[in-house]
Asker: 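Just dropping this structure here.
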Amino acid sequence: MASNPYTDLPPLASSSNGSGASSKEPFFGCIPRKVSAEKARAIMDADLNPFTKQPFTPQYKKILQVRRKLPVYAQMTEFFRVFNENQIIVMVGETGSGKTTQIPQFVCYSDLPHLRGKMVACTQPRRVAAMSVAKRVADEMDVPLGKQVGYSIRFEDMTESGTTFLKYMTDGMLLREAMNDPDLSRYSTVILDEAHERTLATDILMGLLKALAKRRPDLKIIVMSATLDALKFQKYFGLKKDVPAPLFKVPGRTHPVEVFYTQEPEPDYVEAAIRTVLMIHRAEDPGDILLFLTGEEEIEDACRKIKQEAEDLMSQDPDSVGPLVCTPLYSSLPPMQQQRIFDPPPPPRTPDGPPGRKVVVSTNIAETSLTIDGIVYVVDPGFSKQKVYNPRIRVESLLVSPISKASAQQRAGRAGRTRPGKCFRLYTEKDFMKELEEQTYPEILRSNLANTVLELVKLGVKDLVKFDYVDAPAPETLMRALELLNYLKALDDDGGLTDLGGIMAEFPLDPQMAKMLIVSPEFNCSNEILTIVAMLSVPNVWLRPANMRKESDAAKQLMTVPDGDHLTLLNVYNNYMNNKGDRNWAWNNFLSARALLQAENVRAQLQRSMERFDIDIVTTQNENKLYLNVRQALVCGYFMQVAHKEGEKNAYLTVKDNQVVGLHPSCGLDTHPDWVIFNEFVLTTRPYIRTVTTVKPEWLLEYASNYFDLSAFPNGETKRALQAVLKKQTNTSVETDSRKAKKARRA
DNA sequence: GCATCTGAG
């Protein structure tokens, strides 16, 4: 075996503060990665915190009692053995095994990162998880959060350099760190948690870590996942061909869930779902119900109907049916209303009457992100909205699609968290077996990869097609991304990173947006583009309550700038900032205070990045001039998202892709201009473009001459229109030339 | 004349 600078260190001889006595150093005699589970257990059970050298508090001892009952704890000896002997391991731990809190601690007891100036990282797909787990583990280790144990997420770094040795972080955050330190040299061990969720960031990290493991034999990697994917990851991470990475498996601790199927396929899943919920309410024992539907409107609609029918039932038969509360749950719901899912079920109407019940109607946010205690019944119609990507027209859209078996299992599991439960699947067992995919398609196969490709190039990946992906994206997806980055001048013709591309990659933005922000000082409007980019990076700011459509539309009209929706966003933000003193301003104007605050945060973060790269923040005083400048800067980023009006009314054709689209009804333009630039293409009842601003064709030819090279343009209305502009320009310049000539002669 | 599943930087 090759010599290893990390593990070949001698055993620890004295405490780090130098005072020497072995009794003061709990890790006395320990060699990193050769610590036995017995030794670690002895230190945990002793009285001195080995990381702070302070006595353990009574609180620590109390929590330790609870930790000892976790399934992972029972397998500590085996874990230490596997960890100490292998560079990469795959770990399977079902819900309730305690893997997320315990494994990283075990790793610290073996790795001793604090004595080597290293850290252990544990990634999470979601920010809330990173924060809450870090808090819990800090308590378990008897240290203050942000000291020895911390977390790092966008906008918040709760770590202390030199002190923190166990860091929970979002997967995206570790990917960002890798861009500036491709060897992840700060870490001795990296743990990827929830790898089965296959987020884009986790997928890329898996590829990077697999390659990094060869460069850094001292780096240990643990991939934690659900059962179904374990073998796939074992094979992928096998260091030699045909030798899979070792598996460490811990059982979960959940209650059994009985699964029921329908006899026949249900033609209308919403109707069937409502019927099933009411059936449970009438016939089943007490316990709350979780119903999965696909979107906001569907959920609100179902809630209304369930409420209505439950009331009808109650009035028909008050002695046998208890009260029912129905609560919607989706991400755009204000946090206050999201909290309502944790309310207890309603009490019986009379002391001995039938008990009340709570129904939560949710998107798949309740599948992974939010856990509701007390759920005993799950109703699963088998659908969710999923992102799909069409590389040919470079469009991501949301489609209601059947879920995967893994997803169905996850949903069913939600019924067994507190006691045995039941899951009602509104499809046949045969369909479950034969029609559903095993796994949800990983995100990397369903996304526009422009951003990812830029990140990979920045990470030093030379050949994107040959990169060792867990699942390789379609070559066309990669080609389309490379093409876009080349047009934006982020990559040169050989696929190499340009200086501009290097800066673009540093911004947490899509490449088009990063480009337009970086060039905006040339148009004297970086202050405004910065705002627009921030507004485009947060959820929709407009509120449109079902019972106040007219009022909210009128409020929006007051803030609309007729030249374009981008300018309207700018106007909204400026008004928001000018009215900060008025707490009700956002609400009174039918705007989301939450989204606006988020925009403010994003804007501040981007501003710091701009300062780091010396990108000036400049503006223009004259408003007309300013708006003109902004519209030109937009072209520099979004020249590939241009549509040209065809014929009458609301019919547009996207340039080059030739998709027939309409302006989205939310669009604020007061006319139908010939040329527009758009931020988004959405496929709903028909194809629409959303967030639209008018541009001049001359700008397209001037600021994106490569893309609008007419000799390589498909024939059609658009080409003819651009040729006409070009001809006019040439004529004018001939005119000016002749005038110049006259002038010269006169002189 | 319409609707945004979820998560990340």
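Naming: A, B, ... by sequence-line order, numbering from 1 per chain. Fair warning: this is a prediction, and the values are worked out from it, not measured in the lab.
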Asker: Relative to the 5' end of DNA chain B, which residue comes earlier, A:S537 or A:N364, by the nucleotide with the nearest heavy atom?
Answerer: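 Nearest nucleotide further toward 5': that of A:N364.
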
Asker: Which one, B:dA8, B:dC2, B:dC5, comes nearest to the side chain of A:T363?
Answerer: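 Taking heavy atoms from C-beta onward, the closest nucleotide is B:dC5.
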
Asker: Have a look at A:L509 and say if it touches a base, only the backbone sugar-phosphate, or nothing, with a 4.0 Å heavy-atom cut-off.
Answerer: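 If one applies the 4.0 Å heavy-atom cut-off, A:L509 turns out to touch a base.
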
Asker: Name the closest nucleotide to the A:H664 side chain, picking from B:dC2, B:dT6, B:dG9.
Answerer: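 Out of B:dC2, B:dT6, B:dG9, the nucleotide with an atom closest to A:H664's side chain is B:dC2.
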
Asker: OP1, OP2 of B:dG9 versus side-chain N and O of A:T170: anything below 4.0 Å?
Answerer: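 Indeed, a polar side-chain atom of A:T170 lies that close.
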
Asker: Can you tell me which nucleotide in B:dA8, B:dG1, B:dC5 comes closest to the side chain of A:P665?
Answerer: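 Given the options B:dA8, B:dG1, B:dC5, the side chain of A:P665 is closest to B:dG1.
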
Asker: Evaluate whether atom CG of A:D499 has more than 12 neighbouring non-hydrogen atoms of other residues, nucleotides or ligands under 6.0 angstrom away.
Answerer: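 Check fails, neighbour count at 12 or below.
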
Asker: Looking for any heavy atom pair under 4.0 Å, which part of the strands does A:R446 touch: base, sugar-phosphate only, or nothing?
Answerer: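 No contact.
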
Asker: Which comes earlier along DNA chain B counting from the 5' end, the contact point of A:Q605 or that of A:T685, where each point is its nearest nucleotide?
Answerer: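 Whichever sits nearer the 5' end wins; that is A:T685.
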
Asker: Cationic tip of A:R340 within the cone over A:F342's six-membered ring, i.e. under 6.0 Å and within 45° of the normal?
Answerer: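 Because its charged atom misses either the 6.0 Å distance or the 45° angle limit, A:R340 does not stack over A:F342.
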
Asker: What is the nucleic acid contact for A:T199, judged by heavy atoms within less than 4.0 Å: base, sugar-phosphate only, or nothing?
Answerer: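 Here A:T199 touches no strand at all.
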
Asker: Kindly state each residue pair satisfying salt bridge (Lys or Arg N to Asp or Glu O under 4.0 Å) with at least one member in residues 166-175 of chain A, sequence neighbours excluded.
Answerer: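 Pairs touching residues 166-175 of chain A that pass the test: A:K167-A:E177.
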
Asker: Measure the distance from OH on A:Y688 to P on B:dT4 and round it to the nearest whole Å.
Answerer: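 The answer, rounded to whole Å, is 11 Å.
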
Asker: For A:E680, check salt bridge (Lys or Arg N to Asp or Glu O under 4.0 Å) against everything at least two apart and list the hits.
Answerer: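 Residues passing salt bridge (Lys or Arg N to Asp or Glu O under 4.0 Å) with A:E680: A:R690.
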
Asker: Among B:dC2, B:dA8, B:dT6, find the nucleotide with the atom closest to the side chain of A:D171.
Answerer: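 From the listed options, B:dA8 comes nearest.
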
Asker: Suppose we call a contact any N or O donor and acceptor under 3.5 Å apart; does that hold for the side chain of A:E443 and the base of B:dG7?
Answerer: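 Yes, the side chain and the base share a sub-3.5 Å donor-acceptor pair.
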
Asker: What's the closest nucleotide to the side chain of A:R154 if the choices are B:dT4, B:dG1, B:dG9?
Answerer: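 Per side-chain heavy atoms of A:R154, the pick is B:dG9.
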
Asker: Does a donor on one side chain sit under 3.5 Å from an acceptor on the other, for A:S185 and A:D183?
Answerer: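 On atom types as modelled, these side chains do not qualify, holding no pair under 3.5 Å.
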
Asker: Tell me what A:I365 touches on the nucleic acid: a base, only sugar-phosphate, or nothing, going by heavy atoms under 4.0 Å.
Answerer: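 If one applies the 4.0 Å heavy-atom cut-off, A:I365 turns out to touch the sugar-phosphate alone, with no base involved.
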
